[in-house]
Trainee: 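Have a look at the structure that comes next, please.
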Number of protein chains: 2
Amino acid sequence: MAETAREIADELRERIRSGDLAPGARLPGEPALVKKHGVAKETARRALMLLVSEGLAVRRKGSGTYVREFQPIRRVANRRLSQETWGAGRAIWSADIGERPMTVTELRVYEAPAPDDVARILDLEEGAAVVVRDRLFTVEGEPVQAAVSYLSADLVRESAIAQEDTGPGGTYARLAELGAKPVRFVEELRSRMPSQEETERLHLTEGTPVVEIYRTALTEDGRPVEVNRMLLDAGVYVMEYHITG
Amino acid sequence: MAETAREIADELRERIRSGDLAPGARLPGEPALVKKHGVAKETARRALMLLVSEGLAVRRKGSGTYVREFQPIRRVANRRLSQETWGAGRAIWSADIGERPMTVTELRVYEAPAPDDVARILDLEEGAAVVVRDRLFTVEGEPVQAAVSYLSADLVRESAIAQEDTGPGGTYARLAELGAKPVRFVEELRSRMPSQEETERLHLTEGTPVVEIYRTALTEDGRPVEVNRMLLDAGVYVMEYHITG
DNA sequence: AAGTGGTCTAGACCACTAG
DNA sequence: TAGTGGTCTAGACCACTTC
């Protein structure tokens, strides 16, 4: 009768995997597990917490524990690709953001000294001024991505890039007007568990990693003009890259 | 005196962030926290577990709890890029695998029916036979990546791809000989917490996500010839992509 | 108001590591 | 062998959700 937290979690995990407990379904609560397996409440709790930390379940206070759902947003790094070139409809993870528009909230634009790593990448003096564009992207009212762009203040201070509204074509159109059109990009990705502040800002549930992306924009002659640090809710995103060669 | 698990974790987290507790350093143990904060052992334990699930600490049974270290391996998706083109020495996360060679272990090659998603992507009938190449990559004796490749058995059955040793130039050289040279690639990435089996296979510590990558190789005329599913230890990898235009 | 999860206590026993 | 983490118990009180 009496089992361990791991064993109870194993049983529930198997029921989730088999589809017996579908995404969104309610898992047995702590009292139910206490009765069924003859364990202490803390043990039942641990079993459920194991599933949460594996990203399989979500707990809602006062309501219950539920099987987690995954309806990803697809982020395609290479923008201007024709569907025909790469073959459509071949995605492993289906993802439709079509019906769920993404909006920018909490936009803040200001000038500040460049962080050390950003200064190094942008080829600036230590502590040189940069224009910072800090924003939060939201889908259906839920934050999904935080992004902070850094650009040399000497380069963009007088342009609309230093304004909240960058105008038609956005930052890259303005950079082109300044003779610094980005044509190549380097992205560095890392995934890890979020800090507490990140959890709050992105409304992350336990067991959700984040994806940290640093994107550097380069001009034709290889000059770095922008560093964009993005933080993505990994429970929501699928990243797609197209590589030639 | 008596504090909550969260508060104790906050204090330790701050000491890690400030560098007071450096990567690799030993954190105060459970008994020490019990004495210092006047809480029960379970509460001290929870404080330390919080840091572990945030990926900040690692617990070693019988030894102690330690600040986690991060010495990443860099995976550059675009292989044949000259350093000059993209500007060297501009990485956010420094990463040297130079001194730590990667070796293949647990190589298994066999023929089997294609999984549904793989069959769809490779344009095969449901359940058509594929050659499967399953392998584990290891650095300094520690597994860092599992990879499973799928190729149409009708295409590659007679070639060295169906052997353990694919010969000089590897799988892609053999595909070229078969008139199916891959020239473009699509990668889909997702990050999530690992299952229990994945944790065991990759020797993951708690609080470590995995990065799941599906790479599809396409020929010049857009025919998909290989699907490679990779599972990376996110605590070890930094991914790098180069994008044009 | 009943049910759910959130957190803590004080004690127990075990397994592993290190000196 | 002493110290460390791993796990469980039986009970307590609280906050939130749902009806």
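Just so you know, these numbers use all the heavy atoms, side chains as well, and skip hydrogens, waters and symmetry mates. Order of the sequence lines fixes the chain letters, A, B, ..., with proteins taken first and strands second; residue numbering starts at 1 for each chain. A quick note: this is a predicted structure, and the numbers were derived from the prediction, not measured.
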Trainee: A:Arg108: which residues meet the side chain to side chain contact (heavy atoms under 4.5 Å, CB included) condition with it, sequence neighbours left out?
Mentor: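 Result, side chain to side chain contact (heavy atoms under 4.5 Å, CB included) vs A:Arg108: A:Tyr110, A:Asp134.
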Trainee: I'd like to check the ring pair (Phe, Tyr, Trp, His ring centres under 6.0 Å) partners of A:Tyr241; sequence neighbours left out, ordered by chain and number.
Mentor: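 Checked A:Tyr241 against ring pair (Phe, Tyr, Trp, His ring centres under 6.0 Å); matches are B:Tyr241.
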Trainee: Enumerate the residue pairs fulfilling salt bridge (Lys or Arg N to Asp or Glu O under 4.0 Å) with a member in residues 228-238 of chain A, sequence neighbours excluded, ordered by first and then second residue.
Mentor: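 Salt bridge (Lys or Arg N to Asp or Glu O under 4.0 Å) check on residues 228-238 of chain A returns A:Glu198-A:Arg229, A:Glu212-A:Arg229.
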Trainee: Kindly confirm or rule out a cation-pi arrangement of B:Arg190 over A:Tyr237, judged by NZ or CZ under 6.0 Å from the six-membered ring centre and within 45° of its axis?
Mentor: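 Geometry flag: not set, cation outside 6.0 Å or 45°.
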Trainee: Counting only distance, no hydrogens or angles, is the base of D:dC8 paired donor-acceptor with the side chain of A:Glu3 under 3.5 Å?
Mentor: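 Checked by distance alone, the answer is no.
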Trainee: Could you pull out all residues at least two apart from A:Arg6 that satisfy salt bridge (charged side-chain N to carboxylate O under 4.0 Å, His left out)?
Mentor: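 Partners of A:Arg6 under the salt bridge (charged side-chain N to carboxylate O under 4.0 Å, His left out) test: none.
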Trainee: Just jot down the salt bridge (charged side-chain N to carboxylate O under 4.0 Å, His left out) partners of A:Asp116, sequence neighbours excluded, or say none.
Mentor: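 With neighbours one apart ignored, the set is empty.
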Trainee: Taking five pairs at each end, how big is the angle between the two axes of the helix from C:dA1-D:dT18 to C:dA18-D:dT1, to 10°?
Mentor: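 Taking the rotation axis at each end, their angle is 20°.
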Trainee: Using the closest heavy atom to pick a nucleotide of DNA chain C for each, name whichever of A:Gly62 or A:Lys41 lands nearer the 5' end.
Mentor: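 Its nearest nucleotide being more 5', the pick is A:Gly62.
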Trainee: Atom CG of A:Leu27 to atom P of C:dG5: distance rounded to whole Å?
Mentor: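 Value for this atom pair: 9 Å.
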Trainee: Could I get the full list of ring pair (Phe, Tyr, Trp, His ring centres under 6.0 Å) partners for B:Tyr214, not counting sequence neighbours?
Mentor: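 Scan of B:Tyr214 (ring pair (Phe, Tyr, Trp, His ring centres under 6.0 Å), adjacent residues dropped) gives A:Trp93.
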Trainee: Within residues 48-61 of chain B, find the residues that approach DNA chain C with a heavy atom at under 4.0 Å, and present them sorted by residue number.
Mentor: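 The answer is B:Lys61.
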Trainee: For A:Arg6, answer base if it contacts any base atom (sugar-phosphate contacts may also be present), sugar-phosphate if it contacts only those atoms, and nothing otherwise; contact means non-hydrogen atoms under 4.0 Å.
Mentor: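 It contacts sugar-phosphate atoms only.
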Trainee: Anything under 3.5 Å between a donor and an acceptor, one on a side chain of residues 40-50 of chain A, the other on a protein residue two or more places apart or in another chain? List them.
Mentor:
from, atom 1, to, atom 2, distance (Å)
A:Glu42, OE2, B:Arg46, NH2, 3.2
A:Arg45, NH1, A:Glu30, OE2, 3.3
A:Arg46, NH2, B:Glu42, OE2, 3.3

